[in-house]
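Note sheet for the following structure.
These numbers come from a predicted model, not from an experiment.
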Amino acid sequence: MTGPSVAAGRELGRVEFGPDDLRRVREMVRTIAGELIPERADNAVLAVHEVAVNSIVHGGGHGVLSIDETSDSLVFTIEDADGTGSVPHLRTVDGEATSGRGLWIAQRLSDRLTIEARPARTRVQVHLTLAS
């Protein structure tokens, strides 16, 4: 699903990452999601991890994760310099494929996934609704 990004809320965390920083990304997501949506913390960790890996592999080797709290959601934003110049898209899951499922997994684990691609930058947002 693509679409416009939501207005940022209160920033809860931010980290620049590369291939050696994925553990730190997961720990930050687990800490913040564990406090605000504990029943979905594992979903948040896996969804953000998959998008961060895509950012490393397809986005020039590094990215930035920011975590915001809006009035009704946690929004995990992963941005990169889009090193390949390709627009990320959700693929149909092929049972034989050994890769290509990252965005599909992130979409299934989140309440909404938004993708914004510009010529020199890609932004993917994983939205998880806060409990009411």
Any side-chain heavy-atom pair from [X] and [Y] closer than 4.5 angstrom?
X	Y	result
L22	H49	yes
E11	I67	no
V124	T114	no

Which atom pair, heavy atoms only, marks the closest approach of [X] to [Y]?
X	Y	result
F17	A52	CE1-O, 3.6 Å
G61	P19	O-CD, 3.3 Å
A47	V126	CB-CG1, 4.0 Å

Suppose we screen for side-chain hydrogen bond (donor to acceptor under 3.5 Å, both in side chains). Which residues come up paired with [X], at least two apart in sequence or across chains?
X	result
E50	none
R24	none
T77	Q125

Task: Residue that, paired with V51, satisfies side chain to side chain contact (heavy atoms under 4.5 Å, CB included) out of L65, V25, I105, I78 - done: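 For V51, the side chain to side chain contact (heavy atoms under 4.5 Å, CB included) test succeeds with only one of L65, V25, I105, I78, which is I78.
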Nearest 0.5 angstrom please: [X] [atom1] to [Y] [atom2], how far?
X	Y	atom1	atom2	result
F76	I32	CZ	CD1	7.0 Å
I115	Q107	CD1	CD	8.0 Å
T122	N54	OG1	CG	10.5 Å
L36	E69	CG	CD	5.0 Å
L12	S66	CG	OG	10.0 Å

Task: Check: D72 side chain, T129 main-chain N or O, donor-acceptor pair, under 3.5 Å - done: no
Open item on the list: My understanding is that only residues two or more places apart in sequence, or in another chain, count here; which of them pass side chain to side chain contact (heavy atoms under 4.5 Å, CB included) with V64?
Closed with: R14, E16
Task: Counterpart residues, side chain to side chain contact (heavy atoms under 4.5 Å, CB included), relative to I37 (two or more places apart) - done: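 Here the qualifying residues are A33, E39, R40, L74, L128, L130.
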- [ ] Among residues two or more places apart or on two chains, list those pairs meeting side chain to side chain donor-acceptor pair (under 3.5 Å) that have a residue in residues 27-36.
- [x]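 Output for this query lists R30-D42.
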